[in-house]
Amino acid sequence: MTGSPITGKKLYIQEVSVRDGFQIEPRFIPTEQKIELINALSRTGLAKIEVTSFTSPKAIPNLADAEAVMSQIERVDGVVYAVLVPNVRGCERALACGVDEINLFMSASATHNLANLRMTQEQSLAQFEQVVRHIDGRAAINASLSTAFGCPFDGAVPESVVFDLVQRYLDMGIGAVSLCDTTGVANPAQVERVCAQVRERWPELVLTAHFHDTRAMGLANVLAALRAGIDRFDASLGGLGGCPFAPGASGNVCTEDMVHMLQAMGYDTGVNLDQLIEISRLLPEIVGHDVPGQVAKAGPYSRRYPVPESVRALSGANQ
Ligand code: COA
Ligand code: ZN
């Protein structure tokens, strides 16, 4: 780090497992299990939970129960309940459920936008404009920029394209943006450079970093974003996640691994790590397979093991 004191600095941890995670699972997670998981996560101190997405059920069948989930969860004061929305239709569905925040999304790269949303980038921006008008203050708005650090089809994404799109969002009156590394291609030097420029150009912008750990650079990218002044991070319990329309996509940065690292460094995440680990340990049963998260398996760094008798005997003999 740059040497500045970090102890106690407040960070915002935003959970996306029930959206980014469940959207790519090979089998449908029953609605009841989604609701139970969200209710448990709501009590861990997370700043925000992205509950589901109001997309076409043909595109994302695993989240076809968006209305049922959003309207049946127990909402805890202080937690922002957000949902992902691709178009005006999704916005109407989300508002009918009384969501706190609508997270619009499009890609920084033309081909991923076509693959994911079946729209050109200009068509997506036109949807954004309509959605902003339609919401008319009834919910907060965040806009996500997928493939902001690179695209599995188009390759490198020029930084100028990212900045231009952020400016387009701001011009529409959107004041909160997530920069998303959809397929885990970002490296820490790139992340620090891009995030620092966005911070410097638009200091008032509420900026979230959203990383996937596909190439094991996830936590390093979190640190790079921190160095650039980012204080909001998306992460996914157990490290679930991935976009079904991005070849090679895999899980987000794991929430409990990230919280564990940040707390060990002295940051205030507001999150109860023990509770998070406990909930994460339920995931393999829920999704039917092992999950990538490491701290739920290893235990936190403070974990101590009993000294084996044979080792005790040695220390006794040496006294
Ligand atoms: N909610 C529910 N249904 C929707 C919808 C929404 N927000 N938007 C469109 N639909 C329905 C239409 O009514 C239509 O239904 P029908 O076939 O029964 O008539 C169908 O979906 C197709 O609609 P169309 O407007 O032609 O959309 P499309 O096929 O061009 O797809 C999107 C556009 C945006 C709806 C679709 O690509 C999508 O939902 N993508 C989401 C991708 C995603 O979530 N990726 C993971 C996150 S990174
Ligand atoms: Zn993602």
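Start at 1 with the first residue, then count along the sequence. Keep in mind the model is a prediction, meaning the values are calculated, not measured. We count ligands from 1, going down the list as the structure has it; atoms in each ligand are counted the same way.
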* Connected hydrophobic set around Val311, excluding itself, where side chains approach under 4.5 Å ->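 Val311 clusters with Val307.
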* Using the benzene-type ring in the case of Trp, are the ring centres of Tyr12 and Phe233 under 6.0 Å apart? ->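 Not close enough - the centres of the two rings lie 6.0 Å or further apart.
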* Decide if the gap between the ring center of His112 and the ring center of Phe245 is smaller than 6.0 angstrom. =>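 Here the rings of Phe245 and His112 have centres that are no less than 6.0 Å from each other.
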* **Qualifying residues under salt bridge (charged side-chain N to carboxylate O under 4.0 Å, His left out), relative to Glu159, sequence neighbours excluded** =>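 Glu159 satisfies salt bridge (charged side-chain N to carboxylate O under 4.0 Å, His left out) with Arg193 only.
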* May I ask you to list the protein N, O or S atoms found at less than 2.8 Å from the Zn ion (ligand 2)? =>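 Metal shell, protein only: Asp20 OD2, His210 NE2, His212 NE2.
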* Are Tyr81 and Leu237 in one and the same hydrophobic cluster, where Ile, Leu, Val, Met, Phe, Trp and Tyr link if side-chain heavy atoms are under 4.5 Å apart? ->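 Yes; Leu237 is reachable from Tyr81 via cluster members.
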* Asked: Are side-chain N/O atoms of Thr255 and Glu15 paired as donor and acceptor at under 3.5 Å?
  ->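 There is such a pair (donor and acceptor under 3.5 Å, judged by atom type) between the side chains of Thr255 and Glu15.
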* To do: With salt bridge (charged side-chain N to carboxylate O under 4.0 Å, His left out) as the test, would you mind laying out the steps for Arg43 and Glu74 before giving the verdict?
  => CA-CA 10 Å; Arg43 292 176 172 80; Glu74 291 160 17; 3.0 Å; yes
* **Stepwise side-chain contact (heavy atoms from CB on, under 4.5 Å) check, Phe105 with Thr55** => CA-CA 11 Å; Phe105 66 112; Thr55 45; 4.1 Å; yes
Give one line per pair: atom of ligand 1, protein atom, distance. Only N/O to N/O under 3.5 Å.
| from | atom 1 | to | atom 2 | distance (Å) |
| --- | --- | --- | --- | --- |
| ligand 1 | 1 (N) | Thr55 | O | 3.2 |
| ligand 1 | 1 (N) | Arg93 | NH1 | 2.7 |
| ligand 1 | 3 (N) | Arg89 | NH1 | 3.4 |
| ligand 1 | 7 (N) | Phe54 | O | 3.0 |
| ligand 1 | 7 (N) | Asn87 | OD1 | 2.9 |
| ligand 1 | 7 (N) | Gly90 | N | 3.2 |
| ligand 1 | 8 (N) | Asn87 | ND2 | 2.9 |
| ligand 1 | 13 (O) | Arg89 | NH1 | 2.8 |
| ligand 1 | 17 (O) | Lys58 | NZ | 2.4 |
| ligand 1 | 18 (O) | Lys58 | NZ | 3.0 |
| ligand 1 | 21 (O) | Ser56 | OG | 3.3 |
| ligand 1 | 29 (O) | Arg118 | NE | 3.0 |
| ligand 1 | 30 (O) | Arg118 | NE | 3.3 |
| ligand 1 | 37 (O) | Asn116 | O | 3.4 |
| ligand 1 | 39 (O) | Ser56 | N | 2.9 |
| ligand 1 | 40 (N) | Asn116 | O | 3.1 |
| ligand 1 | 45 (N) | Asn116 | OD1 | 2.8 |

* Asked: Do any N or O atoms from the side chain of Asn62 and from the backbone of Phe22 form a donor-acceptor pair under 3.5 angstrom?
  ->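 Answer holds: yes.
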